[in-house]
Amino acid sequence: MPATDAHRAVDAVWKLESAKIIAGLTRMVRDVGLAEELAQDALVSALEQWPGQGIPDNPGAWLMSVAKRRAVDHLRRSQRLDLRHEQLAHELERAEPQPQPEADDVLRLMFLSCHPALPAEARVALTLRLVGGLTSAEIARAYLVPEARITQRIAAAKRTLAEGRVPFELPDGPELAGRLSSVLGVVYLIFNEGYSATAGDDLIRPGLCLEALRLGRLLAELAPDEAEAHGLVALMEIQASRSAARTGPTGEPVQLHEQNRGRWDQLLIRRGFTAMLRARALGGPPGPYVLQAAIAVCHAQAPTAQATDWAQIAALYDALVRLLPTPVVRLNRAVAIAMAHGPAAGLALVNDLLADPTLKDYAQLPGVRGDLLARLGRNGQARAEFRRAAALTRNTAERAFLLRRADTLDATEPSASSVERPTERSVPNAERPTEPSAAGLAQTSEPSGGAEPPDPSESGLARDAAPSGRTLGWAAEAFLDRDDLDPATARSYDQTLRRLRLSLGADLPLTALTAAEVARVFATAWGAAAATTWNRHRSAVRSFAAWAGLGDLAAGLDRRAGTGAPTAPIGPERLAALQSRTDVALRERTLWLLLHESGAAVTAVLALNVEDLDLDDRRARAGIPGPTAQEPRTDGPWVSWRAGTARLLPELIGDRTRGPLFLADRRPGPARRPADGDLCPDTGRGRLSYPRAEYLFKQATRALDPAGQGLTLRQLRTRD
Amino acid sequence: MRYLMMSKTTDNTPDEKLFAEMAAFIEEMSAAGILLATGGLDGSGYRMTAVGDEITVTDGPFAEAKEAFGGFALVEVRSKEEVLELGRRFLKIVGDGESVIQQVFA
């Protein structure tokens with residue numbers, strides 16, 4: 001047997017046996033991290049010995065006894081050798097020569113790897129690794145993430161379990177239900193990632209589906225009295241039965257009602273029905289997985305799409321939404337109700353979900369909405385929704401499918417499309433506008449520097465004879481594409497407009513962009529954001545609306561008050577008191593007074609260099625560093641001061657002739673050497689950083705702040 | 001990937017031990033989610049042949065008893081190596097004999 005073949009054979013054995021081995025070892029050494037290491041050691045021995053000697057009759061038992069010997073060695077060698085380890089090592093040695101893993105060990109291992117103390121992603125990775133026997137590289141490939149991230153996730157998960165001293169025991173009573181639902185959740189999460197791959201080029205990643213099915217079947221055998229475990233298996237078997245029918249010849253998704261039912265895998269359907277019968281036989285009120293499986297059974301039983309019992313499915317969703325009122329379940333219920341009682345009824349329910357923040361990036365929502373709108377004959381809106389869904393999905397095949405659906409609607413309704421599509425653009429979606437037409441938006445750009453926005457009546461859009469031809473995406477591109485926006489502003493505006501486009505669709509006609517729509521997007525996206533964030537997005541929308549002549553799009557958005565007090569300027573008496581304090585260093589006193597007297601921005605003042613200062617004229621021009629380290633500093637604003645600062649400056653400067661005016665307390669360490677411009681050539685110290693300056697001021701002013709937080713440097717600026 | 005494992009009938013007379021080991025093996029494969037379906041096969045069966053428009057039915061697909069398949073298992077595995085390992089374990093249990101394994105395309 002060639003070495004690579006042998007290695008692959010060993011790998012296959014490992015995948016079949018590792019869960020039992022790791023589980024058995026974990027029971028013995030009470031540490032899942034150590035158990036896995038020992039099992040891996042045993043695997044290395046297997047790789048050395050099996051290619052020459054052949055695979056033993058019972059490879060699992062072979063690996064187990066090697067690992068157990070390693071465990072004894074490890075415990076004896078361990079630096080932490082104490083009575084407990086000694087006893088453990090002794091017990092291990094005395095145990096029967098062919099250690100038989102206990103039946104429950106693997107179930108315990110599943111509970112451990114799906115422990116609620118771990119974040120969901122870690123549970124998935126750890127379960128695939130410990131129970132599924134996959135390597136980090138395989139998990140990373142399945143999830144399209146770098147291997148290092150998976151390795152790190154697994155290491156962190158093991159650390160969390162060890163530090164939390166999570167016991168390797170089966171929970172009982174009420175805790176069991178909670179822990180079991182975590183395990184079920186992880187398995188279904190893996191299945192769903194495989195079944196409706198959220199990213200990448202394939203719509204289905206069969207490897208993950210297969211792993212999830214395996215884990216689910218294993219779990220159902222290990223916990224045969226849990227109806228939900230059988231329900232989950234039934235659900236997954238029936239969903240998996242449709243895999244072959246779910247994609248067309250070019251990999252495009254085929255929706256359930258259009259699938260060729262002849263391609264459904266009858267074997268899996270039958271297995272699903274069997275699992276469902278086992279779940280039903282256990283009795284009790286149906287849980288979420290049993291209900292979802294019942295819905296899947298309804299679909300599987302229908303000989304044709306038309307024969308589907310939608311009334312029954314809608315009723316099952318009514319029950320499900322009571323147990324699991326998640327937005328996704330509510331969306332699916334809306335689909336079922338649309339099928340049972342007509343698209344209008346479904347659309348009303350879907351519209352209720354538009355304001356749900358958790359669905360703001362969920363491509364299925366506009367997808368479903370587009371479908372219902374199309375069935376109601378509202379093709380223009382449907383098309384916009386499909387394009388919006390396409391912009392949201394990360395799955396290539398799905399995006400192509402959604403764009404094709406949008407285009408099909410174009411073809412079927414030429415009259416509607418000529419009204420709602422910009423005539424000058426033939427390529428849909430996300431194309432940069434080439435040259436805006438004569439009365440185009442670029443000419444009417446807003447002057448920079450915070451001046452008043454132009455009068456809407458002057459705007460190109462307002463004058464444009466056919467504003468209905470403009471779309472949100474097109475206008476946003478033109479708005480951002482001006483030369484007079486500085487990069488920071490453009491970036492900030494871009495964030496706001498990107499969200500608007502994603503939420504409302506780039507193809508939304510500008511005429512349909514209303515204050516109410518904008519308010520809805522704001523509530524969904526930034527409802528919980530800080531006041532400054534909210535206000536920043538609000539001003540971006542106002543600026544955009546003014547530029548495009550769209551009226552007051554921010555009408556529904558109240559300016560939010562910040563947390564108040566901290567922005568109030570500090571009074572002269574308090575400043576004088578600060579200056580007279582003996583515990584405040586000269587550097588701080590100078591900085592604070594300079595900030596107060598100049599009213600300049602903190603960044604500008606901290607950027608001052610000694611050579612910039614004109615002590616006679618009491619002013620200096622700060623250099624503003626370029627956006628990257630290579631770019632030269634450009635001239636910043638003038639900073640000028642008065643007598644107070646002028647008295648302090650000479651002492652602060654001392655003998656220095658060049659370099660930062662305000663120096664850090666210490667020299668920078670070798671690893672954190674700042675740019676040359678930020679180093680003092682005389683003392684080797686770096687430039688005082690904004691955070692440090694802010695911290696010192698906060699410390700010094702804590703007593704002045706009623707909230708005990710201390711004041712901020714910005715409060716030193718005089719406001720008149 | 002799915003594989004169909006078929007085992008030829010043997011002269012070995014099954015004993016209690018073999019039944020017990022086989023049952024444990026099948027149980028384990030089911031629990032692991034590997035075994036999708038399994039069953040025994042009647043070696044006699046029927047053979048149908050089409051020549052032109054003529055379809056003839058004759059008794060028995062296998063002329064020789066040792067050519068007949070005695071049972072099958074449909075398994076779902078991650079790799080060729082896994083199914084070969086399962087085949088190895090199966091043969092360890094039933095003793096001398098022959099198995100044929102073919103991948104099933106859905």
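Proteins come first, then strands; the chains are lettered A, B, ... in the order of their sequence lines, and each starts at number 1.
For a residue to count as touching a neighbouring chain, one of its non-hydrogen atoms must lie under 4.5 Å from one of that chain's; by this rule B:E27 does not touch chain A. The contact between B:A32 and chain A is made entirely by backbone atoms, counting heavy-atom distances below 4.5 Å. Looking at A:E17, the atoms closer than 4.5 Å to chain B (heavy atoms on both sides) all sit in the side chain, from C-beta outward. For a residue to count as touching a neighbouring chain, one of its non-hydrogen atoms must lie under 4.5 Å from one of that chain's; by this rule A:L268 touches chain B with the side chain only. Contact annotation for B:V77: both backbone and side-chain heavy atoms come within less than 4.5 Å of a heavy atom of chain A.
Considering only heavy-atom pairs separated by less than 4.5 Å from chain B, the leading option among A:G132, A:G216, A:A220, A:A19 is A:G132. With respect to chain B, the highest number of heavy-atom pairs below 4.5 Å among A:P206, A:S243, A:P59 belongs to A:P59. The candidate from A:L219, A:V106, A:L210, A:L222 with the greatest count of non-hydrogen atom pairs under 4.5 Å with chain B is A:L210.
No salt bridge links B:E76 with A:R271; every basic N to acidic carboxylate O contact stays at or beyond 4.0 Å.
Between the CD atom in B:E81 and the CG atom in A:D11 there is a gap of 8.0 Å [rounded to 0.5 Å]. Distance check, rounded to the nearest 0.5 Å: CD of A:E237 to CG of B:L36 gives 7.5 Å.
Shown here is B:D59, whose CG atom has no more than 12 heavy atoms of other residues, nucleotides or ligands within 6.0 Å. Heavy atoms from other residues, nucleotides or ligands lying under 6.0 Å from CZ of A:R261 number more than 12.
Interface residues of residues 84-97 of chain B toward chain A, defined by a heavy-atom distance below 4.5 Å and sorted by number: B:E85, B:L86, B:R88, B:R89, B:K92.
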